[in-house]
Amino acid sequence: MDYKSFIKNMIHEKTGEEKIFMRNLQMLIQYDGTRYQGWQSQKHTDQTIQGKLTHVLGKMTGESIELQGAGRTDAGVHARGQTANFHTETSLSCEEILSYVNQYLPEDIAVLKVEEAGPRFHSRLSAVGKTYVYRIWNSPLPNVFERRYMYQVREPLDKDAMEHAAGLLCGTHDFRAFCSNRRMKKSAVRRLDRIEFEEKGCELCLHFTGNGFLYHMVRILTGTLLETGLGKRRPEEMGQILESLDRERAGVTAPAQGLCLWQVEYPENADCKTHR
């Protein structure tokens with residue numbers, strides 16, 4: 001019996017009336033973040049991904065929706081595999097919800113899947129891994145059609161030096177030096193599993209996979225690796241930067257438009273699905 005059938009078959013012991021249970025729905029979302037102020041809803045603007053989705057879901061259900069996202073992407077950052085969940089009493093099917101939200105969402109936000117999740121599933125807290133991709137256009141000539149999704153670096157890059165530096169950054173470390181939030185009181189220890197390099201002509205893609213990322217962490221890692229590729233830093237400096245815990249020792253924050261939340265991973269036995 002699937003989760004939806006289980007909910008429908010729960011009968012009140014005394015009255016014989018159907019109990020009201022909150023369904024927990026999981027969504028796979030894609031968006032072009034160019035014109036938005038990031039994922040998270042904000043009081044001073046309605047131009048956020050979470051805000052647009054919450055508004056449409058609220059109109060559909062007539063409820064006050066609390067939408068939880070797996071990653072709080074920054075202003076201008078894109079997503080191919082953002083996962084979110086919300087609780088609702090609606091009796092609409094997943095297919096009906098999918099059709100409704102895509103009818104009323106802006107063209108630069110799309111929901112690709114809606115599925116029943118277990119009652120304890122939380123898109124952010126249940127996640128065990130995330131992959132971000134940063135796209136670099138390494139050419140003196142611009143890429144007109146992809147300019148909103150890549151960062152152009154005109155000078156040649158030493159990719160061997162960048163890969164050497166990337167290897168020194170992987171592992172479990174305190175990444176405070178690669179975080180823009182200087183007032184953060186929580187632990188900055190994260191596990192960076194791998195940084196993979198993919199070349200496609202003039203395009204260089206950096207794939208970052210780990211158990212979690214700090215504010216601006218991927219963009220600062222990218223900026224630091226780019227400075228290494230441009231000969232402004234030595235790969236061997238990465239260990240010193242990590243040990244310093246000092247944001248000033250790391251590189252610049254790479255622009256937002258090159259970054260995309262690619263995939264969120266969950267345990268195989270969790271009440272959820274990993275979207276690939």
Side-chain angles (χ1 to χ4, degrees), residues 27-58 65-86 101 104-112 123-124 127 130-137 142-153 175-184 186 188 190 203 205-210 212-227 247-248 250-264:
M27 300 193 302
L28 175 64
I29 307 162
Q30 291 185 350
Y31 49 84
D32 176 345
T34 303
R35 69 187 185 98
Y36 295 99
Q37 297 302 307
W39 164 266
Q40 193 168 7
S41 295
Q42 302 176 35
K43 293 182 179 179
H44 64 276
T45 179
D46 62 355
Q47 289 298 101
T48 67
I49 308 297
Q50 186 183 39
K52 294 295 184 184
L53 284 161
T54 299
H55 176 71
V56 172
L57 291 169
I65 297 295
E66 293 186 13
L67 184 65
Q68 305 293 335
R72 298 175 181 175
T73 52
D74 305 329
V77 174
H78 318 291
R80 170 186 176 273
Q82 173 73 285
T83 300
N85 74 290
F86 66 99
V101 295
Y104 292 102
L105 281 171
E107 292 181 344
D108 47 9
I109 304 175
V111 177
L112 303 187
S123 57
R124 179 173 58 85
K130 296 175 185 174
T131 297
Y132 284 87
V133 173
Y134 196 97
R135 300 175 65 192
I136 299 160
W137 183 250
N143 186 324
V144 173
F145 298 107
E146 297 285 336
R147 69 189 186 282
R148 294 194 300 180
Y149 313 108
M150 296 180 179
Y151 172 48
Q152 183 180 6
V153 177
F175 282 96
R176 197 172 301 274
F178 293 90
C179 176
S180 290
N181 185 0
R182 304 186 184 188
R183 298 181 180 180
M184 186 181 66
K186 297 181 180 179
R190 297 292 187 274
E203 181 180 352
C205 293
L206 276 58
H207 298 250
F208 298 83
T209 300
F213 295 90
L214 305 169
Y215 182 54
H216 286 167
M217 178 174 162
V218 176
R219 292 167 59 189
I220 299 171
L221 286 168
T222 300
T224 306
L225 292 174
L226 283 173
E227 290 181 2
R247 171 66 188 92
E248 298 300 324
V252 298
T253 303
Q257 79 265 17
L259 186 60
C260 181
L261 173 56
W262 201 253
Q263 177 181 310
V264 184

Can a side-chain donor-acceptor contact be found between [Y] and [X] if the only test is distance below 3.5 angstrom?
X	Y	result
Asp32	Tyr149	yes
Tyr31	Thr73	yes
Ser123	Gln68	no

Taking all non-hydrogen atoms of both residues, which atom of [X] and which atom of [Y] are closest, and how far apart?
X	Y	value
Val218	Phe208	CG1-CD1, 3.6 Å
Met27	Phe86	SD-CE2, 3.9 Å
Pro255	Tyr134	O-OH, 2.7 Å
Ala250	Ala177	CB-O, 3.4 Å
Ala256	Ala75	CB-O, 3.2 Å
Arg124	Gly69	CB-O, 3.5 Å

Side chains of [X] and [Y]: closer than 4.5 Å at any heavy-atom pair?
X	Y	value
Leu206	Ile136	yes
Gln50	Arg72	no
Gln82	Ile109	no
Leu261	Trp39	no
Tyr151	Thr222	no
Leu53	Val101	no
Ile220	Arg247	yes
His55	Tyr104	no

Cys205 vs Arg135, test: side-chain contact (heavy atoms from CB on, under 4.5 Å). Steps then yes/no. CA-CA 5 Å; Cys205 293; Arg135 300 175 65 192; 4.0 Å; yes

Review point. Side chain of Gln30, backbone of Leu112: donor and acceptor closer than 3.5 Å?
Key: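 No, because the side chain of Gln30 does not come within donor-acceptor range (under 3.5 Å) of the backbone of Leu112.
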
Hey, could you give me the [atom1]/[atom2] distance between [X] and [Y], rounded to the nearest 0.5 Å?
X	Y	atom1	atom2	result
Gln40	Asp74	CD	CG	10.5 Å
Leu67	Ile29	CG	CD1	6.0 Å
Leu28	Gln263	CG	CD	10.0 Å
Gln37	Asp46	CD	CG	10.5 Å
Arg219	Leu226	CZ	CG	12.5 Å
Glu203	Met150	CD	CE	3.5 Å

| field | Over 12 non-hydrogen atoms of neighbours within 6.0 angstrom of CD in Glu146 | value | yes

message = Is the distance between the ring centroids of Phe213 and Tyr132 under 6.0 Å?
response =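 Yes, the ring centres sit under 6.0 Å apart.
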
Is it the case that Arg80 places NZ or CZ above or below the six-membered ring of Trp262, under 6.0 angstrom from the centre and within 45 degrees of the axis?
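Geometry flag: set, cation within 6.0 Å and 45°.
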
Paired with Asp108, the side chain to side chain donor-acceptor pair (under 3.5 Å) test is passed by just one of Arg35, Lys52, His78, namely Arg35

